[in-house]
Amino acid sequence: MPKAELHVHLEGTLEAELKFELAARNNVDLPYVDVESMRASYVFHDLPSFLTIFYEGSFVLHHEEDFRDLVYAYLRKVASQNVIYAEMFFDPQQHTDRGVSFSTMIEGLTRGRIEAERDFGIRSQLIMCFVRERSAESAMAVFEMALPYRHLIVGLGLDSDELDNPPTKFAEIFRRGREAGFRLTMHCDVDQKNTHEHIRQAIEDIGVERIDHGANLLDRPELIEMARERGLFFTVCPYANEMMRPGENQSIARGMLDLGLKLTLNSDDPAYMEGNYINENMLMVHDLAGFGPDDFITVTRNAFDAAWIDDELRQELHRKLDAYAMASV
Ligand SMILES: [Zn+2]
């Protein structure tokens, strides 16, 4: 099925093979003798332990070519799963803090996108995320660095460790971002402290158009109503749900769909999640939450509607899905 992905962290697509290759290219010492032992290290048990492994990965990214290779490898992989459009998160603070310049990073990522479109026909855009456990000042500094590249970045997001880092900590940056024409989304991870208040802030105080994850909204009728009224989209990641709350994709993914919320399905950090890309995540809700062909068409239509693209491209994506749906009746 032609499809879109809207919730994937580029740094979370760094497969062990590429990490090894980049480490050799850039003379970075890694504490692993081979790809297999590195892959074995991609194991975590909660959000902080995941983030430790995840950030180690970014240490091998230094030059424009490295960022180009990262995005190109992800887009090549998902083009093979018939993803025809992707919006991809990147975290500049992971890189600028190590002395990588913003221009090196954005130019490499952009070149990878252009070359992947040329080679595989896949369209894509970038969403810049702020690392929420760092200060608002640090986020504002990268926001300022991004302004000259506004035309290369479609939206702003917020990710990483949510504990005691509420959406309103970044209210001023998101206000300025909206003024500058960026589209807005935010992570509200599953079962975090103060999750309901964080979801409310993201919707009411920040005015996001999407929530990344957002499962705990289902606990509160007033939040469900708010999301319905505003036509909010949810970028849900079945494998990540399974890690956080085993056995509950039925209640989360199926629950959102049954309530008429605008669910989309995504992969989050596939390299660190046992290589589960978007197809594998869709298979997971097929097996665990009873999703059938009509449900997959619904979530894919939602993703095309949620995409931050012009009407011409949106119609083109929908036409491809229509053709698929007609052919598979
Ligand atoms: Zn995420």
Side-chain angles (χ1 to χ4, degrees), residues 4-15 42 44-55 57-58 70-71 74 78 83 86-95 109 124-134 139 153-163 165-167 170 174 183-192 195 198-199 202 206 208-217 232-245 249 252-253 256 263-278 280-282 284-285 299 303 306-308:
E5 171 143 73
L6 305 175
H7 182 164
V8 61
H9 301 266
L10 280 172
E11 294 87 350
T13 69
L14 181 61
E15 291 285 354
Y42 281 22
F44 56 92
H45 49 271
D46 57 15
L47 189 59
S49 69
F50 162 71
L51 292 170
T52 304
I53 300 161
F54 178 78
Y55 289 129
S58 68
L70 178 70
V71 70
Y74 162 73
V78 294
V83 170
E87 286 173 12
M88 309 166 293
F89 296 128
F90 71 110
D91 282 351
Q93 285 152 296
Q94 283 191 45
H95 311 299
L109 295 174
S124 64
Q125 297 197 85
L126 295 169
I127 301 173
M128 179 169 92
C129 278
F130 304 110
V131 176
R132 67 199 303 163
E133 64 265 35
R134 310 234 181 134
I153 303 167
V154 71
L156 301 179
L158 185 66
D159 64 10
S160 205
D161 196 349
E162 192 169 330
L163 182 65
N165 296 299
F170 302 93
F174 278 78
R183 312 295 291 265
L184 307 182
T185 187
M186 274 187 181
H187 278 58
C188 292
D189 277 273
V190 181
D191 296 341
Q192 299 294 301
T195 181
H198 289 187
I199 293 169
I206 308 294
V208 295
E209 298 167 62
R210 297 183 199 159
I211 290 183
D212 304 308
H213 302 295
N216 293 88
L217 172 127
L232 220 65
F233 292 94
F234 293 86
T235 67
V236 166
C237 305
Y239 184 91
N241 286 344
E242 226 20 61
M243 297 302 296
M244 295 301 290
R245 260 201 233 165
N249 265 301
I252 299 172
M256 281 189 178
L263 172 76
T264 71
L265 296 172
N266 306 273
S267 71
D268 214 358
D269 298 289
Y272 296 92
M273 294 176 168
E274 300 182 79
N276 287 288
Y277 284 80
I278 189 165
E280 291 79 12
N281 274 273
M282 286 184 153
M284 201 172 275
V285 289
V299 297
W308 291 330

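Whatever order the structure lists ligands and atoms in, that order sets their numbers, starting from 1.
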Report the residues that fulfil ring pair (Phe, Tyr, Trp, His ring centres under 6.0 Å) with [X], sequence neighbours left out, ordered by chain and then residue number.
| X | answer |
| --- | --- |
| H9 | H7, F89, H187 |
| F233 | none |
| F50 | F44, F54 |

What protein N/O/S atoms sit under 2.8 Å from the Zn ion (ligand 1), by chain and number? H7 NE2, H9 NE2, H187 NE2, D268 OD1
At what distance, to the nearest 0.5 angstrom, does CG of L265 lie from CG of L6? 10.5 Å
Side-chain H-bond candidate by donor/acceptor type, H198 with E162, under 3.5 Å: yes
Would you say the side-chain atoms of E87 pair up with the backbone N or O of W308, donor to acceptor, closer than 3.5 Å? yes
